[in-house]
Amino acid sequence: MEYNFKDIEKKWQLYWSKNQTYKVDIDSSKKKYYVLDMFPYPSGAGLHVGHPLGYIASDIFARYKRLLGFNVLHPMGYDSFGLPAEQYAIQTGQHPAVTTEKNINRYRQQLDAIGFSYDWSKEVRTSDPSYYKWTQWIFIQLFNSWYNVSTNQAESISSLIGIFETVGNNQVSAVHTHDWNFTSHDWKSFNEKTKSEILLNYRLSYISDAMVNWCPELGTVLANDEVKDGVSERGGFPVERKQMKQWSMRITAYAQRLLEDLEKIEWSDSLKEQQRNWIGRSEGAEIRFKIFNSELELLIFTTRPDTIFGATYMTLAPEHEYVDIITVEDYKNEVNGYVLEAKNRSERERMAEVKNITGVFTGAYAIHPFTGNKIPIWVGDYVLSGYGTGAVMAVPAHDARDYAFARHFNLPIVEVVSGGELELGSYDAKEGKLINSEFLDGLEVKEAIKKVIEKIESRNLGAGKINFRLRDAVFGRQRYWGEPIPIYYQDGIPLAVDEKDLPIILPEVDKYLPTEDGEPPLARAKDFQYKGFPIETTTMPGWAGSSWYFLRYMDANNNEKFASSNTIEYWKEVDLYMGGAEHATGHLLYVRFWTKFLFDRGYISIEEPAKKLINQGMIQGRSNIVYRIKDTNKFVSLGLKNDFEVTELHVDVNIVENDILDIEAFKSWREEYRSAEFILEEGKYICGNEVEKMSKSKWNVVSPDIMIDKYGADCLRLYEMFLGPLELSKPWNTNGITGTSNFIRKLWKLYHKNNQQNQELLFDVSNDEPTKAEYKILHKTIKKVKEDIEKFSFNTSVSTFMICVNELTDLKCNKRKIVEPLAVIISPYAPHIAEELWFLLGNASSVTKTLFPEFNDEYLIESEFAYPISVNGKTKFNLNLSLSITKEEVEKEVLANENMQRLLNGASPKKIIVVLGKIVNVVV
RNA sequence: GCCCGGGUGGCGGAAUUGGUAGACGCGUCGGUCUCAAAAACCGAUAAUCGCAAGGUUGUACCGGUUCGAUUCCGGUCCUGGGUACCA
């Protein structure tokens, strides 16, 4: 009988769970290694084949590290708060906790079937009160902290209050929202409410005004994702942009450190670059422009203060507070209309439609601080209110967007940097000499920037400034299914709930919708109070729970602390973090932020959550299409479809194999197809295909269950790794799975022989000493696979296994001394078959406790001699040749090789490539 | 629009990071075995010209650097992810 994966995989999975094989505890005698997967959101569709890609890769690495003797923490859990469960609850009335629980159970079954080596005793669920108790606790720590710029760290709010009481805030250098000067005397005279407002100005979690997508019809705030073409995706109701009081997190306090510390971690350059761009540090200046006939001054931020003499107009964001104030009467109608229209377009839309230039003149003018010229003030939606000061001095000669705007509205363009060969406007002039710029004329750009900032500062027109694109993170959500924010309001003053009273349990509500007056769903809860005062009714965002979960795994069942200090000290940070690149600027920034905060406040001793990060690519769906001839129940095969007028229909990919439709399965798939007829090609119905996002509605979701049932978990694991480089996105297709399936069967047959009588395969290994050739095959494989695992190049190691098994099969090698170590090196990839093989070989213990075999170089060398290459009588270097070639042949080939001749006078070749005794190429 | 990826046979992908392009697997074709089929095994398989030996062209497209480019540089096209309340 062939390899019976069903029985064997079940047997070992049971064995692992019974023996708690993968349970770990801190062990100071061993080096630790922490392998973490980004935990999944348990969706109703179940796990699909895309999920395990990263999980298999990290599992391979975790198992590999165990084989090397590390104490490996490899946990798993669920990011179980989220919007889909809430949407489902709104539709069906089922409590999100119920559906979430159901989904989690399904996920767990599916994960178990793949044979992961997780320590399930450390499972976490973000929606579990015993977990979110600590999420709330961290929120309170943030609420009770401020960022001291002088010490460059977060400190307790009580130290700030102490400073206020003794000296006021004049000497305080803190990250805050509004400027507000007061003395200690003033402070003492403020009432509680004022004090509270002042402190909120400094706290790391605070209340602010934030722009949101408000849908009056649904009475709720929508994600940009939920808004399509200006209307809500759900229901199609109009959506408007609106300011709203929201809880926020002062992540901007950490902008510089988040930027700098990227140097300390081994994340991919592209991901670091994305974070750098997201943080968007830019050096420049803030400059005040007087407004003509007004007391007001317009504050702008520019990265190019040197081009100030090229500023020919000003542009305000439509949301800018001055728009309404400065607009001249005659222009009011037009400006108001424009602002109203711009307001309801999302930032993304506004930026995306850059070719569609719009704007209006306000009728007002600013005064150029150096020339005294009147500069028209415009409103344009290419200026965003959230960045800088929401106002720019436009220098059309040296900025593409300003240029386009100026050309469109016929505004003057003054060139101030010479030396550009390119056309005006497309020339950003980062280098060159200043012209038309009075005291800056003749200076290089860099010098000019310095000089103009000095001038601006000395004349008190503004100051040099470092600006970040990063914005504070809006933290409140008008949703039900999230962590309650542990704040209550006493006479309108927000106060933190006492830590000993945590968690604030998510209350029951009659409906998961906002109230009639547009209050969040939690406002429906009866007696949602603390000490008789109302509790905050917005909840935390999805990213809250995931911003610290890596710490909870260390000590998941601790009721006294989020994790005990000795576990935190032992496990420290994640050594390998595996997850999708789509989290580059969301989760991966927030988790770094919270980690730094917890470090500042002394709760942990690490400043970065993860040393090394690998992004696995996304697996896309590969849909299959059938073609129904219009107004019939007749389906035509792909190659013949052009002869007919057809409708394209998605067909369940599970009843299609290699694009060939299983006609019987199709007929019973749906009632309406029972009597379907087919026009075939060569007796087959060929389906079309398309690569798209995996989605239930496209019938292209492939669940691992079916694959496991058909081919086994090991086969699925090998196949997902074999599919291509881990980091690349790729469509799922099962066309090649027979390859890995064949490999497993071949491996099985390698140490089984056929029983002549009943065709049974009998276990059969020999104790003979392997030959040199056999050892070579083994050690070649060990070397390659080890290198591949360390490079996360799992696809090529699967190839290596295949070559190895093919070669051993050719030699009919079933020797124990080869098969035993082979089982070990295969075990990270295909743990079940490896374990079974190990067991058959008479080893009781699990392969997970074995050491990874070292490769031996001696077996890899075939023949070698060093050949000295001489130039002008001097020996320049030795060639090490590893394939059979004679001295005479070398001489002949070296002399005959043109490249060699040309190169001998220059640098030394590193390598000469020799094939069948011929030098074919030279590496310098 | 902006930021970050990717583009190599019929298909998934290799290529020691500048040195024999196409490893390995799938598929297809041919063969062995069989009454037949399946399975298994063996062989062929980038395109093109040629009976053959062998030649030519080939890593999205255009150009550059180099003795030599899939690899480095400049530009273009297509495509995936992110774009701040999806997770």
Side-chain angles (χ1 to χ4, degrees), chain A residues 2 38-41 43 79 81-84 87 210 212-213 220-227 246 251 268-278 280 346-356 382 386 400-401 469-479 482 541-543 546 580-587 589 615 617-618 620 658 691 693 719 722-725 727-731 733-740 742-743 745 749 787 793 795-796 798-803 806 809 897-903 906 909-916 918 920-924:
Chain A
E2 294 206 322
M38 288 183 188
F39 58 173
Y41 173 78
S43 100
D79 188 13
F81 272 133
L83 204 50
Q87 305 280 30
V212 295
N213 302 313
T220 189
V221 175
L222 298 177
N224 283 337
D225 225 47
E226 298 174 279
V227 185
Q246 294 277 6
I251 188 174
S268 71
D269 290 337
S270 66
L271 198 125
K272 287 185 186 178
E273 192 62 17
Q274 276 184 76
Q275 289 213 345
R276 274 186 209 111
N277 292 333
W278 185 261
S346 71
E347 283 188 7
R348 204 186 307 179
E349 273 179 313
R350 280 162 58 173
M351 286 187 287
E353 288 169 27
V354 90
K355 281 175 197 151
N356 193 4
Y382 75 99
R401 286 160 309 175
R469 205 184 72 100
L470 183 71
R471 306 202 290 252
D472 276 342
V474 177
F475 198 73
R477 298 286 184 271
Q478 316 262 316
R479 312 278 188 195
W543 55 267
S546 59
E582 66 271 23
H583 300 284
T585 52
H587 162 65
L589 210 53
N615 292 124
M618 180 176 279
Q620 294 142 316
N658 295 340
V691 173
K693 215 172 199 162
Y719 184 61
F722 188 60
L723 213 49
E727 287 93 339
L728 282 191
S729 292
K730 54 226 150 201
N733 79 73
T734 53
N735 288 349
I737 198 160
T738 49
T740 48
N742 282 341
F743 163 73
R745 294 214 302 264
K749 281 186 188 163
E787 283 169 3
S793 175
N795 54 332
T796 50
V798 178
S799 295
T800 308
F801 289 141
M802 288 175 176
I803 295 168
N806 281 342
T809 304
N897 192 300
E898 277 176 53
N899 290 341
M900 196 67 191
Q901 288 299 315
R902 265 196 292 268
L903 287 163
K910 278 182 201 158
K911 189 166 87 177
I912 293 197
I913 294 171
V914 182
V915 174
L916 300 173
K918 277 188 182 175
V920 294
N921 229 327
V922 178
V923 183
V924 188

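Below, all heavy atoms of this structure are taken into account, side chains as well, without hydrogens, waters or symmetry copies. In what follows, chains carry the letters A, B, and so on, assigned in the order in which the sequence lines appear, proteins first and then strands, with residues in each chain numbered from 1.
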When rounded to the nearest Å, what value does the distance between [atom1] atoms of [N] and [M] take?
N: B:A15; M: B:U70; atom1: P; value: 16 Å
N: B:A14; M: B:G22; atom1: P; value: 15 Å
N: B:C61; M: B:A69; atom1: P; value: 15 Å
N: B:U65; M: B:G81; atom1: P; value: 38 Å
N: B:G5; M: B:G10; atom1: C1'; value: 27 Å
N: B:C73; M: B:U66; atom1: C1'; value: 12 Å
N: B:A47; M: B:C42; atom1: C1'; value: 27 Å
N: B:G13; M: B:G68; atom1: P; value: 32 Å

Show each protein N/O and nucleotides 38-40 of chain B N/O combination with a separation under 3.5 Å, one pair to a line.
residue, atom, partner, partner atom, Å
B:A40, OP1, A:N742, OD1, 3.4
B:A40, OP1, A:R745, NH2, 2.9

*Where does B:U66 fall, syn or anti, if syn means a chi angle no more than 90° from 0?*
anti
_Going by the glycosidic torsion and a 90 degree boundary from 0, is the base of B:G9 oriented syn or anti?_
syn
So what's [N] paired with, Watson-Crick or G-U wobble, going by both distances under 3.5 Å?
N: B:U56; result: B:A47
N: B:G22; result: none
N: B:A14; result: none
N: B:C2; result: B:G82
N: B:C41; result: B:G31
N: B:C77; result: B:G7

For a quick check of understanding: with a heavy-atom distance under 4.0 Å over all strands, which category does [X] fall into, base, sugar-phosphate or nothing?
X: A:L470; value: base
X: A:V798; value: nothing
X: A:G476; value: base
X: A:E787; value: nothing
X: A:P725; value: sugar-phosphate

Report the distance from atom [atom1] of [X] to atom [atom2] of [Y], rounding to the nearest 0.5 Å.
X: A:Q87; Y: A:R479; atom1: CD; atom2: CZ; result: 6.5 Å
X: A:T800; Y: A:E787; atom1: OG1; atom2: CD; result: 9.5 Å
X: A:T740; Y: A:F722; atom1: OG1; atom2: CZ; result: 8.0 Å
X: A:W278; Y: A:E273; atom1: CH2; atom2: CD; result: 14.5 Å

*Find which nucleotide of RNA chain B each of A:T585 and A:L271 is nearest to by heavy atoms, and output the residue with the more 5' nucleotide.*
A:L271
*With nearest nucleotides of RNA chain B determined for A:V221 and A:T800 from heavy-atom distances, which residue corresponds to the more 5′ nucleotide?*
A:T800
_Results of side-chain contact (heavy atoms from CB on, under 4.5 Å) for A:A581 - residues two or more places apart only_ = A:N615
*Test of ring centre spacing under 6.0 Å for A:W543 and A:F475*: yes
Rounded to the nearest Å, what distance is computed from the [atom1] atom of residue [X] to the [atom2] atom of nucleotide [N]?
X: A:F722; N: B:C11; atom1: CZ; atom2: P; result: 16 Å
X: A:F475; N: B:A84; atom1: CZ; atom2: P; result: 18 Å
X: A:W278; N: B:C2; atom1: CH2; atom2: P; result: 16 Å
X: A:M802; N: B:C24; atom1: CE; atom2: C1'; result: 7 Å
X: A:L728; N: B:A14; atom1: CG; atom2: C1'; result: 13 Å
X: A:E273; N: B:C3; atom1: CD; atom2: C1'; result: 9 Å
X: A:H587; N: B:A87; atom1: NE2; atom2: P; result: 13 Å
X: A:L222; N: B:A84; atom1: CG; atom2: P; result: 14 Å

Nearest to side-chain heavy atoms of [X], which nucleotide of [options]:
X: A:S270; options: B:C85, B:C4, B:C24; value: B:C4
X: A:N224; options: B:A84, B:C4, B:C24; value: B:A84
X: A:T796; options: B:C85, B:G82, B:A15; value: B:A15
X: A:N806; options: B:C86, B:G25, B:G80; value: B:G25
X: A:Q274; options: B:C4, B:C85, B:A87; value: B:C4
X: A:D79; options: B:C24, B:G6, B:A87; value: B:A87

*Which pair of non-hydrogen atoms, one from A:A210 and one from A:Q246, has the smallest distance, and what is that distance?*
CB-CG, 4.0 Å
*Heavy-atom distance under 4.5 Å between the side chains of A:Q275 and A:K272, does that happen here?*
no
*Hey, are the side chains of A:I251 and A:L470 touching, using non-hydrogen atoms and a 4.5 Å cut-off?*
yes
*Please state whether the phosphate of B:A14, meaning OP1 or OP2, lies under 4.0 angstrom from any side-chain nitrogen or oxygen of A:N795.*
yes
*Hey, are A:S799 and A:T796 close enough side-chain-wise for a donor-acceptor pair under 3.5 Å?*
no
*Determine whether any donor atom in the side chain of A:R479 lies under 3.5 Å from an acceptor atom in the base of B:C85, or the reverse, and answer yes or no.*
yes
*Kindly assign one of parallel, tilted or perpendicular to the pair A:F801 and A:F743, based on the angle between their ring planes and the thresholds 30° and 60°.*
parallel
